[in-house]
Protein chains: 2
Amino acid sequence: MSRVAKGPAVRGSARPTLEAVAARAGVGRGTVSRVVNGSPGVSAKARAAVEKAIAELGYVPNRAARTLVTSRTDSVALVIPEAETRLVAEPYFSDTIRGVTAGLAETDMQLLLILVRTAKERERLAAYLSAQRVDGVLLVSVHADDPLPTLLEKLDMPAVLGGRRSDREPLSYVHADNASGARIAVEHLLARGRRRIATITGPLDMEVARARLDGYRTAHGGTSPAEDLVAHADFTEEGGVRAMRELLARRPDLDAVFAASDVMAAGAMQVLREAGLRVPGDVAVVGFDDSIVARHTDPPMTSVRQPIEEMGRTMAQMLLDEIAHPGLPHRHVVLVTELVVRESS
Amino acid sequence: MSRVAKGPAVRGSARPTLEAVAARAGVGRGTVSRVVNGSPGVSAKARAAVEKAIAELGYVPNRAARTLVTSRTDSVALVIPEAETRLVAEPYFSDTIRGVTAGLAETDMQLLLILVRTAKERERLAAYLSAQRVDGVLLVSVHADDPLPTLLEKLDMPAVLGGRRSDREPLSYVHADNASGARIAVEHLLARGRRRIATITGPLDMEVARARLDGYRTAHGGTSPAEDLVAHADFTEEGGVRAMRELLARRPDLDAVFAASDVMAAGAMQVLREAGLRVPGDVAVVGFDDSIVARHTDPPMTSVRQPIEEMGRTMAQMLLDEIAHPGLPHRHVVLVTELVVRESS
DNA sequence: CACGGGATTGGGAGCGCTCCCAATCCGTTC
DNA sequence: GAACGGATTGGGAGCGCTCCCAATCCCGTG
């Protein structure tokens with residue numbers, strides 16, 4: 001208010017510096033720095049004086065200056081392939097972000113959100129990360145051929161994946177127990193007397209998709225299900241539609257479908273309805289994700305819930321750990337999934 | 001690869017500096033800086049030498065050092081009240097982010113995502129922004145009593161709102177033409193012969209909610225609809241459920257409902273079904289947002305579409321403009337909404 | 001061939017902070 | 001009362017960059 005009038009050169013230039021605080025408190029720069037950073041070895045008297053000066057001046061440390069000398073940036077990047085924000089069940093995106101934010105809330109880490117859409121942007125991102133402009137990276141929806149994880153490993157940059165690339169993933173990751181989720185879903189269908197259970201898979205270059213397919217197979221025990229009960233899709237609704245048509249053409253006798261995502265399941269339900277089949281009367285349907293879609297289909301859909309927000313939170317915490325303790329061995333965390341039974345099964 | 005082994009002190013410390021580039025190119029620091037920043041007054045020969053050196057060394061400017069002297073941060077914040085990420089129709093969130101990212105893609109601005117959940121965090125955010133740690137701010141879902149916009153104005157910090165606080169909003173904003181959208185929706189219901197059209201509103205401390213209610217009223221022309229056809233809710237499904245029950249109790253004769261969000265409309269449809277009323281046979285329903293929910297209700301829901309991704313993109317571009325040209329007067333952009341007719345009306 | 005002036009160039013100063021070491025302080029101990 | 005040692009403190013150096021000015025270069029002109 002009492003500051004100089006606006007203007008590009010002036011805006012914000014009135015911020016007090018460490019030096020100003022030191023002068024006001026009648027101490028040296030070092031002491032102020034120690035107080036600000038909570039370092040030990042400051043007398044109670046000095047600390048009080050500094051804190052008073054900080055409050056009076058409204059001092060806030062200049063991050064750039066600090067970064068310049070410590071080369072910590074106090075920020076982490078959350079990298080999301082742009083395509084996933086469209087394909088994957090909608091709440092996935094917001095839940096992840098919410099979880100990550102929550103995990104970071106107590107620290108003063110900033111969250112950089114990076115959506116990667118093209119290969120060109122992918123390269124730019126690689127350059128960006130190589131330039132050490134964040135302290136760590138969170139990576140979700142990693143495809144098997146994604147070069148980014150390997151790059152991060154080579155850079156020795158703290159990183160946590162949301163979902164692993166394979167079961168031999170070297171980097172730290174958090175993932176939901178997709179295989180168990182799928183198995184439980186299919187067991188539930190079996191328990192309801194279904195015997196010819198088809199499945200619609202996600203893209204098999206993603207471990208989540210493979211794991212869910214595995215779970216589907218595991219549920220069938222020794223007798224692995226007929227191969228013509230398996231149709232491949234890509235997590236989209238259209239993909240679900242196509243796959244369901246295929247399945248219906250191949251096996252008009254099927255009595256249940258387990259889709260590896262709600263959105264695909266919703267597509268499947270459309271096709272079933274168009275084909276004059278009733279859900280769950282003729283064909284039971286189970287999805288995966290327990291997204292908002294599942295609650296609003298007709299009938300409401302049974303689905304496997306994965307704790308996405310918790311995943312995000314855990315990822316953030318693990319990353320903070322890795323940043324704080326660079327030597328730490330990589331950790332792998334598996335979160336449980338659960339079946340939410342509704343009316344489609 | 002040929003670098004020193006890992007360890008906190010070493011990691012990344014091998015990055016070449018401006019000085020190194022200058023030495024290699026056989027020029028002074030100033031010249032390198034000019035080349036890097038595209039400033040004029042560099043001979044072709046010098047430029048070539050510098051570019052070669054940059055390529056050979058893989059030089060990337062140190063952002064912190066630059067920020068320290070220019071006090072530009074090359075980053076903008078997108079601030080979202082956390083509650084909105086739950087309440088508002090799901091795709092809103094991802095679409096906004098996608099749009100903003102797209103708008104920023106060509107620049108090398110970084111996007112900071114800030115979810116504000118508590119009042120305490122709100123204050124921390126205020127401090128954060130006051131500390132000039134971003135070049136500009138994007139604010140979505142602004143409530144009338146939100147102190148943030150005013151703070152930004154006072155700080156003279158470039159800012160663009162997604163949705164205005166009132167029709168006298170001084171800050172720059174982008175918003176969808178909610179009033180028209182609502183009007184068109186209700187006109188559509190009138191055209192289908194509906195005469196007792198109820199509405200479920202959002203929280204009236206938000207301009208979007210007020211505007212949609214206005215549109216509902218405008219559509220009725222001179223004869224404003226009976227007040228008992230208006231029920232207030234909060235954009236949540238539960239709110240929609242409650243409001244619909246209320247309406248049904250007050251006006252069992254209603255033949256249509258216009259809800260100010262898809263999610264509320266979905267809640268309303270549940271109640272109607274439970275009450276034994278058919279949609280659209282007995283009661284037509286129209287939502288707002290054209291979210292993923294609308295496509296999956298039973299029957300699929302007619303809804304008003306707003307171009308959210310475009311909003312995000314426009315917001316980003318406007319913000320970049322304001323940052324580049326600090327004197328610029330605030331601008332207000334209105335984007336058109338359109339009715340997507342499905343089977344609920 | 002000397003001169004003037006615009007184009008180009010180099011590098012000092014300084015942004016605000018942390019790190020670190022030498023200096024100072026103060027309570028004990030003998 | 002002097003010496004001793006741990007606790008505290010101050011402030012120089014330097015992080016990598018931009019800004020800016022003085023110095024230099026180079027060309028056309030007289």
Hey, is the main chain of Arg72(A) close enough, under 3.5 Å, to the side chain of Thr67(A) for a donor-acceptor pair?
yes
Which sits closer to the 5' end of DNA chain D, Val69(B) or Val27(A), going by the nucleotide each is nearest to?
Val27(A)
Does dC15(D) have OP1 or OP2 sitting under 4.0 Å from an N or O in the side chain of Asn62(B)?
no
Taking 4.0 Å as the cut-off, does a side-chain nitrogen or oxygen of Ser33(A) come that near to OP1 or OP2 on dC17(C)?
no
Between Ser71(B) and Gln132(B), a side-chain donor and acceptor under 3.5 Å
no
Check every strand shown and say whether [X] touches a base, only sugar-phosphate, or nothing at a heavy-atom separation below 4.0 Å.
| X | answer |
| --- | --- |
| Ala46(B) | sugar-phosphate |
| Arg34(B) | base |
| Val36(B) | nothing |

What are the two closest heavy atoms between Leu129(B) and Met157(B), and how far apart are they?
O-CE, 3.6 Å
Check the distance between [N]'s [atom2] and [X]'s [atom1] and give it to me in whole angstrom.
| X | N | atom1 | atom2 | value |
| --- | --- | --- | --- | --- |
| Asp74(A) | dC17(C) | CG | P | 14 Å |
| Leu18(B) | dC19(D) | CG | P | 12 Å |
| Arg24(B) | dG10(C) | CZ | C1' | 21 Å |
| Lys45(A) | dT8(D) | NZ | P | 13 Å |
| Asn37(A) | dG16(C) | CG | P | 17 Å |
| Arg133(A) | dG16(D) | CZ | P | 15 Å |
| Arg72(A) | dT18(C) | CZ | C1' | 9 Å |
| Arg47(A) | dT8(D) | CZ | P | 10 Å |

From [options], nucleotide with atom closest to [X] side chain:
| X | options | answer |
| --- | --- | --- |
| Leu68(A) | dG16(C), dT9(C), dC17(C) | dG16(C) |
| Thr31(B) | dC17(D), dC19(C), dG10(C) | dG10(C) |
| Thr17(B) | dG16(D), dC19(C), dC17(C) | dG16(D) |

Salt bridge check, Asp108(B) against Arg124(A): does any charged N sit closer than 4.0 Å to a carboxylate O?
no
Using the ring of each side chain (for Trp, its six-membered ring), is Tyr173(A) parallel, tilted or perpendicular to His332(A), with breaks at 30° and 60°?
parallel
Going by modelled atom types, is there a donor-acceptor pair between the base of dG12(D) and the side chain of Arg29(A) at under 3.5 Å?
yes
